[in-house]
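Input: a single structure, listed below in C-alpha coordinates.
Along the sequence shown, residues are numbered consecutively beginning with 1. Whatever order the structure lists ligands and atoms in, that order sets their numbers, starting from 1.
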Amino acid sequence: MSIRPIEPDDHAALLALWRRTPGLRLRPEDEFVPFCAYLQRTPGLSLLCERQGRLLGCVLVGHDGRRGYLQHLVVDQPYRAQGVARALLRRALEQLAGLGVQKSHVFVLRDTPESLAFWSAQAAWEARGDIQVYSHSEESP
Ligand SMILES: CC(C)(COP(=O)(O)OP(=O)(O)OC[C@H]1O[C@@H](n2cnc3c(N)ncnc32)[C@H](O)[C@@H]1OP(=O)(O)O)[C@@H](O)C(=O)NCCC(=O)NCCS
(Lines give C-alpha, C1' and ligand atoms only; values in the text may rest on other atoms or scores of the structure.)
Protein backbone atom coordinates (compact mmCIF):
# COMPACT_ATOMS: atom_id res chain seq x y z
CA MET A 1 0.00 0.00 0.00
CA SER A 2 1.48 3.37 -0.95
CA ILE A 3 0.39 6.99 -0.76
CA ARG A 4 1.29 9.53 -3.43
CA PRO A 5 0.15 12.95 -4.65
CA ILE A 6 -2.86 12.99 -6.97
CA GLU A 7 -2.04 13.88 -10.58
CA PRO A 8 -4.39 15.19 -13.29
CA ASP A 9 -4.25 11.77 -14.98
CA ASP A 10 -5.88 10.23 -11.90
CA HIS A 11 -9.11 12.12 -12.53
CA ALA A 12 -11.03 9.38 -14.34
CA ALA A 13 -10.30 6.77 -11.66
CA LEU A 14 -11.13 9.21 -8.86
CA LEU A 15 -14.36 10.30 -10.50
CA ALA A 16 -15.39 6.67 -10.85
CA LEU A 17 -14.63 6.10 -7.16
CA TRP A 18 -16.60 9.18 -6.12
CA ARG A 19 -19.53 8.13 -8.32
CA ARG A 20 -19.79 4.70 -6.73
CA THR A 21 -19.51 6.07 -3.18
CA PRO A 22 -22.97 6.50 -1.64
CA GLY A 23 -23.35 9.82 0.10
CA LEU A 24 -20.70 11.67 -1.86
CA ARG A 25 -22.19 14.66 -3.61
CA LEU A 26 -20.44 15.47 -6.85
CA ARG A 27 -20.11 19.12 -7.76
CA PRO A 28 -19.15 21.00 -10.93
CA GLU A 29 -15.73 21.48 -9.29
CA ASP A 30 -15.19 17.72 -9.59
CA GLU A 31 -15.02 17.96 -13.39
CA PHE A 32 -11.58 17.67 -15.01
CA VAL A 33 -10.69 21.34 -15.58
CA PRO A 34 -11.56 22.69 -12.12
CA PHE A 35 -10.10 19.53 -10.56
CA CYS A 36 -6.75 20.29 -12.26
CA ALA A 37 -6.94 23.94 -11.20
CA TYR A 38 -7.52 22.84 -7.61
CA LEU A 39 -4.48 20.53 -7.69
CA GLN A 40 -2.34 23.35 -9.07
CA ARG A 41 -3.25 25.71 -6.23
CA THR A 42 -1.72 23.42 -3.61
CA PRO A 43 0.64 21.14 -5.54
CA GLY A 44 1.34 17.73 -4.06
CA LEU A 45 -1.08 18.04 -1.14
CA SER A 46 -4.03 15.99 -2.40
CA LEU A 47 -3.32 12.31 -1.96
CA LEU A 48 -4.35 8.90 -3.12
CA CYS A 49 -3.62 5.48 -1.75
CA GLU A 50 -3.00 2.55 -4.09
CA ARG A 51 -1.90 -1.05 -4.04
CA GLN A 52 -0.45 -2.68 -7.15
CA GLY A 53 -1.91 0.11 -9.27
CA ARG A 54 -5.38 -0.27 -7.77
CA LEU A 55 -6.94 2.85 -6.28
CA LEU A 56 -7.93 2.29 -2.64
CA GLY A 57 -8.83 5.79 -1.48
CA CYS A 58 -8.15 9.49 -1.69
CA VAL A 59 -8.37 12.84 0.01
CA LEU A 60 -8.42 16.32 -1.50
CA VAL A 61 -6.32 18.72 0.54
CA GLY A 62 -6.18 22.48 0.25
CA HIS A 63 -5.36 25.45 2.41
CA ASP A 64 -5.70 29.21 2.37
CA GLY A 65 -2.35 29.88 4.03
CA ARG A 66 -3.97 29.81 7.45
CA ARG A 67 -6.31 26.80 7.70
CA GLY A 68 -6.33 23.46 5.94
CA TYR A 69 -9.47 22.09 4.31
CA LEU A 70 -10.04 18.43 3.58
CA GLN A 71 -12.61 17.14 1.10
CA HIS A 72 -13.63 13.83 -0.46
CA LEU A 73 -11.90 11.56 2.03
CA VAL A 74 -13.11 8.31 0.49
CA VAL A 75 -11.98 4.70 0.70
CA ASP A 76 -13.40 2.24 -1.81
CA GLN A 77 -15.79 -0.22 -0.13
CA PRO A 78 -13.65 -3.41 -0.40
CA TYR A 79 -10.68 -1.69 1.24
CA ARG A 80 -12.37 -0.13 4.25
CA ALA A 81 -11.47 -0.90 7.88
CA GLN A 82 -7.81 -1.45 6.94
CA GLY A 83 -6.47 1.91 8.09
CA VAL A 84 -6.40 3.52 4.63
CA ALA A 85 -8.28 6.67 5.67
CA ARG A 86 -6.22 6.97 8.82
CA ALA A 87 -2.98 6.77 6.77
CA LEU A 88 -4.20 9.35 4.23
CA LEU A 89 -5.22 11.71 7.00
CA ARG A 90 -1.91 11.36 8.82
CA ARG A 91 0.08 12.16 5.67
CA ALA A 92 -2.18 15.07 4.76
CA LEU A 93 -1.77 16.67 8.18
CA GLU A 94 2.00 16.13 8.17
CA GLN A 95 2.24 17.93 4.84
CA LEU A 96 0.03 20.80 6.00
CA ALA A 97 2.07 21.16 9.20
CA GLY A 98 5.22 21.28 7.07
CA LEU A 99 3.74 24.32 5.34
CA GLY A 100 2.95 25.99 8.66
CA VAL A 101 -0.78 25.20 8.54
CA GLN A 102 -1.49 24.04 12.08
CA LYS A 103 -5.26 23.75 12.02
CA SER A 104 -7.60 22.12 9.55
CA HIS A 105 -11.32 21.70 9.01
CA VAL A 106 -13.54 19.16 7.33
CA PHE A 107 -17.24 19.56 6.59
CA VAL A 108 -19.10 16.28 6.97
CA LEU A 109 -22.60 15.80 5.62
CA ARG A 110 -24.98 14.59 8.33
CA ASP A 111 -26.39 11.89 6.05
CA THR A 112 -23.05 10.05 5.70
CA PRO A 113 -22.98 7.71 8.73
CA GLU A 114 -19.67 6.02 7.91
CA SER A 115 -17.98 9.35 7.47
CA LEU A 116 -19.42 10.63 10.73
CA ALA A 117 -18.31 7.42 12.52
CA PHE A 118 -14.79 7.83 11.17
CA TRP A 119 -14.46 11.48 12.17
CA SER A 120 -16.04 10.89 15.59
CA ALA A 121 -13.42 8.19 16.22
CA GLN A 122 -10.53 10.58 15.55
CA ALA A 123 -9.49 11.67 19.04
CA ALA A 124 -7.51 14.63 17.73
CA TRP A 125 -10.53 16.06 15.91
CA GLU A 126 -13.17 18.09 17.70
CA ALA A 127 -16.78 18.13 16.51
CA ARG A 128 -17.65 21.83 16.64
CA GLY A 129 -20.93 22.79 18.18
CA ASP A 130 -20.02 26.46 18.35
CA ILE A 131 -19.88 27.09 14.62
CA GLN A 132 -22.74 27.34 12.14
CA VAL A 133 -21.62 27.03 8.53
CA TYR A 134 -23.14 29.42 6.00
CA SER A 135 -22.42 28.86 2.33
CA HIS A 136 -22.84 31.20 -0.61
CA SER A 137 -23.05 30.06 -4.20
CA GLU A 138 -23.23 32.15 -7.35
CA GLU A 139 -26.27 30.00 -8.20
CA SER A 140 -28.04 31.18 -5.01
CA PRO A 141 -31.10 33.40 -5.59
C1 LIG B 1 -15.12 7.14 6.23
C2 LIG B 1 -14.14 6.29 5.45
C3 LIG B 1 -13.24 7.21 4.61
C4 LIG B 1 -13.26 5.50 6.44
O5 LIG B 1 -12.26 4.83 5.69
P6 LIG B 1 -11.49 3.55 6.28
O7 LIG B 1 -10.24 3.37 5.50
O8 LIG B 1 -12.42 2.39 6.35
O9 LIG B 1 -11.15 4.02 7.77
P10 LIG B 1 -9.94 3.45 8.67
O11 LIG B 1 -9.83 1.97 8.46
O12 LIG B 1 -8.71 4.26 8.43
O13 LIG B 1 -10.53 3.76 10.11
C14 LIG B 1 -9.82 4.43 11.11
C15 LIG B 1 -10.64 4.46 12.37
O16 LIG B 1 -11.86 5.16 12.16
C17 LIG B 1 -12.95 4.49 12.81
N18 LIG B 1 -13.93 4.08 11.79
C19 LIG B 1 -13.77 4.04 10.45
N20 LIG B 1 -14.89 3.64 9.83
C21 LIG B 1 -15.79 3.43 10.81
C22 LIG B 1 -17.15 3.00 10.82
N23 LIG B 1 -17.81 2.72 9.68
N24 LIG B 1 -17.78 2.88 12.02
C25 LIG B 1 -17.12 3.15 13.17
N26 LIG B 1 -15.82 3.57 13.22
C27 LIG B 1 -15.18 3.71 12.06
C28 LIG B 1 -12.36 3.34 13.56
O29 LIG B 1 -12.07 3.79 14.89
C30 LIG B 1 -11.06 3.08 12.87
O31 LIG B 1 -10.09 2.62 13.73
P32 LIG B 1 -9.89 1.02 13.98
O33 LIG B 1 -9.57 0.45 12.64
O34 LIG B 1 -8.77 0.98 14.93
O35 LIG B 1 -11.19 0.52 14.52
C36 LIG B 1 -14.88 5.27 4.53
O37 LIG B 1 -15.80 4.55 5.30
C38 LIG B 1 -15.61 5.95 3.41
O39 LIG B 1 -15.05 6.24 2.37
N40 LIG B 1 -16.91 6.24 3.61
C41 LIG B 1 -17.69 7.00 2.67
C42 LIG B 1 -17.18 8.43 2.68
C43 LIG B 1 -18.29 9.40 2.44
O44 LIG B 1 -19.44 9.14 2.71
N45 LIG B 1 -17.92 10.55 1.94
C46 LIG B 1 -18.90 11.56 1.71
C47 LIG B 1 -18.61 12.78 2.52
S48 LIG B 1 -17.41 13.77 1.68
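- Listed for the Y69 side chain is no donor-acceptor partner under 3.5 Å among the backbone atoms of D64.
- Formation of a donor-acceptor pair under 3.5 Å by the S46 side chain with backbone atoms of V61 is found in this model.
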One pair per line, please: each N/O atom of ligand 1 matched with every protein N/O atom under 3.5 Å away, atom names first, then the distance to 0.1 Å.
unit_1	atom_1	unit_2	atom_2	d
ligand 1	7 (O)	A85	N	3.0
ligand 1	8 (O)	A81	N	2.7
ligand 1	11 (O)	Q82	N	3.3
ligand 1	11 (O)	G83	N	2.8
ligand 1	12 (O)	A85	N	3.3
ligand 1	12 (O)	R86	N	2.8
ligand 1	16 (O)	Q122	NE2	3.3
ligand 1	31 (O)	R86	NH2	2.7
ligand 1	34 (O)	R86	NH2	2.9
ligand 1	39 (O)	V75	N	2.8
ligand 1	39 (O)	V75	O	3.3
ligand 1	39 (O)	R80	NH2	3.4

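- Note: F35 and W18 have perpendicular aromatic rings, judged against thresholds of 30 and 60 degrees for the angle between ring planes.
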>> Evaluate R25 against D111 for salt bridge (Lys or Arg N to Asp or Glu O under 4.0 Å), listing each step before the verdict.
In response: CA-CA 11 Å; R25 293 188 197 165; D111 60 358; 3.4 Å; yes
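- Listed by chain and number, the residues in a side-chain hydrogen bond (donor to acceptor under 3.5 Å, both in side chains) with R110 amount to none (sequence neighbours excluded).
- Counting only distance, with no hydrogens or angles, the side chain of E50 and the backbone of R4 share no donor-acceptor pair below 3.5 Å.
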